[in-house]
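As the structure is a computational prediction, the values presented were derived from the model and not from experiment.
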Amino acid sequence: MTTVTRFAPSPTGYIHVGNLRTALMNWMIARKNGGTFILRLDDTDQERSKQEYSDGIMEDLEWLGLTWDRVERQSARLDRYAEAADQLRGAGRFYECFESPVELDLKRKKQLNMGKPPVYDRAALRLTEAEKAELRKERGGYWRFELVQERIEWEDGILGPISIDAASVSDPVLIRADGQVLYTFASSVDDIDMGVTSIVRGADHVTNTATQIQIMQAMGGTPPAFAHHSLLTGPQGEALSKRLGTLSLRDLRARGVEPLALLSLMARLGSSKPVEVASSHDELIAGFDVSSFGAAPTKFDAEDLFPLTRHVVQAMPFALVADRIRALGVPDDLAEGFWRMAKDNITVLDDLGAWWVLFRDGAEPMIEPEDAEFIAQAMTLLPEGPYTQATWGEWTAAVKEATGRKGKGLFMPLRKALTGQAHGPEMADVMPLLQTVRAKG
């Protein structure tokens with residue numbers, strides 16, 4: 001049987017790291033098994049769903065190289081949901097309810113006060129047709145799915161054997177009074193119709209999964225294999241709100257995080273395997289095993305992405321960054337040398353700009369008072385540019401002979417005078433790139 005997975009975001013916002021984990025796992029399962037990966041936009045919430053978010057989701061996935069085989073939109077399938085609802089009504093599994101949110105809240109509080117679980121009492125099933133007709137005159141009815149009150153069991157790909165007593169769960173609302181089809185129902189219909197065979201999603205969906213298994217079975221479908229990954233927390237174990245803007249993929253991208261760095265972390269975070277930077281998508285896929293993931297909440301720190309990004313950047317060949325370096329204004333004859341020097345001294349590619357500004361315009365000299373006379377003398381011995389890799393060795397030898405300085409006392413003040421920094425790349429590599437030496441006056 002062909003493996004079919006899906007990523008089903010709601011286009012009511014941009015993708016965050018939590019969403020990405022789900023998308024990546026489902027994508028890797030499909031690719032590892034030569035299957036189909038569906039991008040399904042769960043956009044039945046017409047008020048909150050926006051085209052800009054749909055476009056943003058696709059843009060973020062394309063940036064990461066997570067290509068999909070087809071796109072589906074729930075908003076184009078409303079007739080199918082109506083048909084499926086009629087099927088369940090005919091089977092006696094859908095029933096109309098009329099309680100307001102306030103009335104439901106009062107019921108829940110009463111049950112809790114009595115020490116009972118806050119489960120819907122199925123009062124609507126006891127309404128006569130005449131009572132329903134009267135209620136419809138004053139308020140819209142919404143629809144619940146009647147669960148068979150037995151244990152719902154499945155072998156979870158991450159959590160292991162799961163067993164949930166349906167009697168401990170409220171019959172889920174599947175269609176709101178305004179006619180909006182809710183996630184639990186639309187997703188169940190889609191997963192059956194689209195032949196989805198595997199679903200990986202967050203552990204907060206476990207109860208949803210129990211009810212969806214019964215919904216799928218009531219429609220004559222075979223539920224897919226489920227796996228529920230752990231939820232992410234902040235570095236100190238705090239709740240990680242998906243509304244934190246700094247954790248959206250577009251904000252991480254704006255900070256210079258490289259796609260392979262982000263994917264490498266997310267492909268291993270929460271698993272028994274160490275985080276290692278993959279050199280390609282194929283390497284990511286080959287090393288993926290959903291059973292290696294655990295159920296415990298998983299700490300995520302965005303700062304961990306930057307050492308990984310640095311690793312990715314340092315491994316980039318010149319050809320991959322040539323256009324970017326040219327756009328900075330680096331002359332073609334210096335571009336490759338500039339990259340060789342810069343790649344080991346930056347974390348994100350955006351750092352390249354500052355290095356070129358330093359070489360083009362010259363650095364603000366850093367000269368200690370006790371070195372001022374020494375630097376002035378050394379600058380008289382520095383020839384006019386352009387410089388070569390040999391310039392540093394020839395110049396420092398001449399300065400050493402003229403001043404008697406040697407070792408750190410010779411090299412460090414000269415480095416600080418030329419670059420304004422106490423540490424950095426090899427000065428022999430720096431010299432050919434220097435367009436301006438401000439310390440020369």
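- Looking only at side-chain heavy atoms (C-beta outward), H229 and F293 stay at 4.5 Å or farther from each other.
- Among residues at least two apart or in separate chains, side chain to side chain donor-acceptor pair (under 3.5 Å) pairs with a member in residues 416-425 are E368-K416.
- Pairs of residues two or more places apart, or lying in two chains, that qualify as ring-ring contact (aromatic ring centres under 6.0 Å, His included) and include a residue from residues 65-118 are F94-F185.
- Taking the side chain as every heavy atom from C-beta outward, S292 and R268 never approach each other to under 4.5 Å.
- Under the 6.0 Å distance and 45° angle rule, R89 counts as a cation-pi partner of W143.
- The pair D193-R77 counts as a salt bridge, with a side-chain nitrogen and a carboxylate oxygen less than 4.0 angstrom apart.
- Using modelled atom types, one finds a donor on one side chain and an acceptor on the other under 3.5 Å when comparing R151 with S163.
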Would you check, one step at a time, whether the test side-chain contact (heavy atoms from CB on, under 4.5 Å) holds for L433 with L358? CA-CA 10 Å; L433 300 168; L358 184 152; over 6 Å; no
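- Remark: the backbone N or O of S230 is paired with a side-chain donor or acceptor of R21 at under 3.5 angstrom.
- A donor-acceptor contact shorter than 3.5 Å is absent between the side chain of Y120 and the backbone of P172.
- No side-chain donor-acceptor contact under 3.5 Å links S198 to the backbone of T5.
- Atom CG of L24 is separated from atom CE of M266 by 9.0 Å, given to the nearest 0.5 angstrom.
- With sequence neighbours excluded, no residue forms a side chain to side chain donor-acceptor pair (under 3.5 Å) with E62.
- Checked by atom type and distance alone, the side chain of S49 never pairs as donor or acceptor with a backbone atom of Q46 at under 3.5 Å.
- In terms of modelled atom types and a separation under 3.5 Å, the side chain of E138 and the main chain of L135 share no donor-acceptor contact.
- Annotation: side chain of L20 is in contact with side chain of L64 (closest heavy-atom distance under 4.5 Å).
- Taking the six-membered ring for Trp and thresholds of 30 and 60 degrees, H281 and W27 have ring planes more than 60 degrees apart, a perpendicular arrangement.
- Put simply, CG on L269 and CG on D304 are 8.0 Å apart, with the number rounded to the nearest 0.5 Å.
- Ionic pairing of R70 and E72 is present here: one or more N-O contacts between side-chain nitrogen and carboxylate oxygen are shorter than 4.0 angstrom.
- Comment: K132 does not engage E96 in a salt bridge, judged by the lack of any side-chain N to carboxylate O separation of less than 4.0 angstrom.
- Just one of R122, R144, R93 meets the side chain to side chain donor-acceptor pair (under 3.5 Å) condition when paired with D171; it is R122.
- With sequence neighbours left out, the side chain to side chain donor-acceptor pair (under 3.5 Å) criterion links R324 to D350.
- D351 places a side-chain N or O within 3.5 Å of a backbone atom of V348 that can act as its donor or acceptor partner.
- Ion pair R31/D69 flagged as a salt bridge, since at least one NZ, NE, NH1 or NH2 atom sits closer than 4.0 Å to an Asp/Glu carboxylate oxygen.
- Of all heavy-atom pairs spanning V290 and A227, the tightest one is CG2-CB, 4.2 Å.
- Here the closest non-hydrogen pair linking L182 and V173 is CD1-O, 3.4 Å.
- The closest donor-acceptor contact from the side chain of N19 to the backbone of P9 lies at 3.5 Å or more, if one exists at all.
- Evaluation of the side chain to side chain donor-acceptor pair (under 3.5 Å) test over residues 269-278, restricted to residues two or more places apart or in two chains, returns none.
- Under 3.5 Å, the side chains of Q74 and D42 contain a donor-acceptor pair of N or O atoms.
- The list of ring-ring contact (aromatic ring centres under 6.0 Å, His included) pairs with a residue in residues 191-219, not counting sequence neighbours, reads Y183-H205.
- Remark: T436 engages R438 in a side-chain contact (heavy atoms from CB on, under 4.5 Å) (not counting sequence neighbours).
- Between I29 and F37, every side-chain heavy-atom pair lies at or beyond the 4.5 Å cut-off.
- In this structure, R201 and T209 have side chains that are in contact, with non-hydrogen atoms separated by less than 4.5 Å.
- T298 places a side-chain N or O within donor-acceptor distance of the main-chain N or O of A296, the cut-off being under 3.5 Å.
- The closest side-chain heavy-atom distance from V321 to L349 is below 4.5 Å.
- Salt-bridge annotation for R40 and D191: present, with a side-chain N of the basic residue lying under 4.0 Å from a carboxylate O of the acidic one.
- For residues 329-358, every residue pair satisfying the ring-ring contact (aromatic ring centres under 6.0 Å, His included) rule, not counting sequence neighbours, is listed here: F338-W356, W355-F359.
- Between the side chains of D289 and S291, at least one donor N or O sits under 3.5 Å from an acceptor N or O.
- The structure places CG of L106 at 11.0 Å from CD of Q111, a figure rounded to the nearest 0.5 Å.
- Side chain of T184 to main chain of L174: no donor-acceptor pair is present (N/O by atom type, distance under 3.5 Å, no hydrogens or angles).
- Using modelled atom types, one finds no donor on one side chain facing an acceptor on the other under 3.5 Å when comparing R6 with S187.
- Residues in residues 42-64 take part in these ring-ring contact (aromatic ring centres under 6.0 Å, His included) pairs, two or more places apart or across chains: Y14-Y53.
- Taking all atoms of both residues into account, the shortest heavy-atom contact from L159 to D156 is N-OD1, 2.9 Å.
- The backbone N or O of G35 sits nowhere less than 3.5 Å from a side-chain atom of T3 that would complete a donor-acceptor pair.
- Two residues are said to be in side-chain contact when any heavy atoms from C-beta on lie closer than 4.5 Å; K107 and E103 fail this criterion.
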Which is it for L88 and D86 under the side-chain contact (heavy atoms from CB on, under 4.5 Å) test, yes or no, and what are the steps along the way? CA-CA 5 Å; L88 292 178; D86 285 341; over 6 Å; no
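- Within the 4.5 Å cutoff, no side-chain heavy atoms of V169 are placed close to those of V119.
- Atom CG of N113 has more than 12 neighbouring heavy atoms from other residues, nucleotides or ligands inside a 6.0 Å radius.
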Only distances under 3.5 Å count here; give the side-chain donor-acceptor pairs of residues 327-337 to other protein atoms, sequence neighbours excluded, each with its distance to 0.1 Å.
from	atom 1	to	atom 2	distance (Å)
D332	OD1	R326	NE	3.2

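- Heavy-atom contacts from other residues, nucleotides or ligands closer than 6.0 Å to CD of E52 number more than 12.
- The distance from atom CD1 of I285 to atom OG of S280, rounded to the nearest 0.5 Å, is 8.0 Å.
- By the 4.0 Å N-to-carboxylate-O rule, E59 lies close enough to R253 to be salt-bridged with it.
- Taken from CD in Q212 to CD1 in I192, the straight-line distance is 10.0 Å, to the nearest 0.5 Å.
- For E150, the side-chain contact (heavy atoms from CB on, under 4.5 Å) partners at least two apart in sequence or on another chain are V148, Q214.
- Under a 4.0 Å N-O distance rule, the pair D251/R255 does not qualify as a salt bridge.
- Separating the CG atom in L127 from the CD atom in E134 is a distance of 12.0 Å, to the nearest 0.5 Å.
- Every residue two or more places apart in sequence or in another chain was checked for a side chain to side chain donor-acceptor pair (under 3.5 Å) with Q217, and none qualifies.
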